[in-house]
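One-based numbering, in listed order, for ligands and for the atoms of each.
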Amino acid sequence: MEFNLPILPPKTDLETSKIFKQLVKAHKSLAELKGTAKTIPNENILIDTLTLQEAKDSSEIENIVTTHDDLYKENILIESKNNNAKEVYNYARGLRLGFQIVRKEKLLLNKHILIIQKELLENNAGFRTQAGTKLVDGYGKVVYTPPQNPKEILDLMGNLEKYINDDSFSDVDALIKMAVIHYQFESIHPFYDGNGRTGRIINILYLVQKGLLDIPILYLSRYITQNKAEYYAVLQNVRTKNDWESLVLYILKGVEVTALQTIDLIIEIKKLMQSYKKKLRTELPKIYSQDLLNIFFKNPYTKTDFLVTELQVSKRTALNYLDAVTKIGLLEKTKEGKSNYYINTGLIEVLVNKS
Ligand SMILES: Nc1ncnc2c1ncn2[C@@H]1O[C@H](COP(=O)(O)OP(=O)(O)OP(=O)(O)O)[C@@H](O)[C@H]1O
């Protein structure tokens, strides 16, 4: 069935009482998350660790499954041959790049979205110019044909860009808008590939752009994977039944649930950091520094180069430090090719079990 995607804003009441009730809960959890994140001393710890985590979850939606081990290794071993991990790593890079852009520009423009998608897919295809893209269900049946005409895609993306960046265009709450943006972006489906992943990155960047979070740490990918059938249904039902309410409620619930899970995760990371700090301070007081501790938490895999760069010490000193920390049981040493890596197994455990 032919469907002409309407431009935004939706001509429907998006501030129903059901939505309001869920909106309050979502905002409360999000504000708590914003506060909890501030208790971690160095923001890069959460950014680096959680973007990688999200990259894995988000990529899994497309069945690019990779183990945690590959994932963290890939982060420091870019030349690795593991293509799954590489795809995840590209996602993390795209996400971090998007964050830098939004933090600096305070805008999320189409040119930025193009940059992010390019980073994800490692190609220059840009917005679709050839017809033929169709969305199919699990049985291969076409459920939706997005706009095919390049001019229509550009016009709809222009309208979406305005909706994202110009608040005078629509004054509904930012979280409701995030749901609308997500639906519209996925429905325009402007790229040949990576629309899902780019759309999920837009969600988080929008929260940062609107000041609801300082850093990108609320990721809906896991929630979407765990509630996938409902996800596809709510997207489709906006189109077929004009049911915006269910879509908005789905996203708001996702924000609430995910914010609470992320708070728990941050608390666990913080507890672990404190126990590492205590042990380092008492058992290795000569080499302890907050910067050293931070390195072990930015990536569960550490190598001497990280210490050389961040602590400005020689390679030999870095090696001595890492061996000493391994000896007191805080890191585990492993060999990959010719290089040694030091794993923060406690952090891996927290990331695997708690998130
Ligand atoms: N009926 C639908 N209406 C609107 N959008 C849809 C519908 N079905 C799926 N989508 C969106 O299309 C995305 C998939 O598009 P695409 O394959 O280009 O993205 P991807 O990033 O490569 O894959 P994935 O999202 O599976 O990781 C889904 O994640 C979803 O957001």
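Listed for the R96 side chain is a donor-acceptor partner under 3.5 Å among the backbone atoms of D48.
Remark: distances from the non-hydrogen atoms of G194 to ligand 1 include one below 4.0 Å.
A cation-pi arrangement is absent between K335 and Y341, since the terminal nitrogen or guanidinium carbon is not both under 6.0 Å from the aromatic centre and inside a 45° cone about the axis.
Residues T258 and R222 have side chains that never bring a donor and an acceptor to within less than 3.5 angstrom of each other.
For ligand 1, the polar-atom distance check against L135 finds no nitrogen or oxygen pair separated by under 3.5 Å. Between Y232 and ligand 1, not a single N/O pair is under 3.5 Å apart. For ligand 1, the polar-atom distance check finds no N/O of L235 at less than 3.5 Å from any of the ligand's N/O atoms. The shortest N or O to N or O distance between S187 and ligand 1 is not under 3.5 Å. Between T198 and ligand 1, a contact under 3.5 Å exists for no N or O pair.
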Could you pull out all donor-acceptor pairs under 3.5 Å where a side-chain atom in residues 124-139 meets a protein atom, sequence neighbours excluded?
residue, atom, partner, partner atom, Å
N124, OD1, K118, NZ, 3.4
R128, NE, H189, O, 2.7
R128, NH1, P147, O, 3.0
R128, NH2, P147, O, 2.8
R128, NH2, I188, O, 3.0
R128, NH2, H189, O, 2.9
T129, OG1, Y192, OH, 3.4
D137, OD1, Y139, N, 2.8
D137, OD1, G140, N, 3.1
D137, OD1, K141, N, 2.9

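Comparing H182, E186, H189 by heavy-atom distance to atom 5 (N) of ligand 1, the nearest is E186. Relative to atom 24 (P) of ligand 1, the option among E87, R239, R200 with the closest non-hydrogen atom is R200.
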#### Entry: E310/K298 under salt bridge (charged side-chain N to carboxylate O under 4.0 Å, His left out): CA gap, chis, key distance, verdict
CA-CA 12 Å; E310 299 200 26; K298 269 196 246 170; 2.8 Å; yes

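The stretch residues 99-111 participates, sequence neighbours left out, in these side-chain hydrogen bond (donor to acceptor under 3.5 Å, both in side chains) pairs: E43-R103.
Atoms of ligand 1 found under 4.0 Å from any heavy atom of N195, numbered from 1 in the order shown, are 15 (O), 16 (P), 18 (O), 19 (O), 20 (P), 21 (O).
Ring centroid separation for the pair Y231 and Y223 does not come in under the 6.0 Å cut-off.
In Y231, the part holding a heavy atom less than 4.0 Å from any atom of ligand 1 is the side chain.
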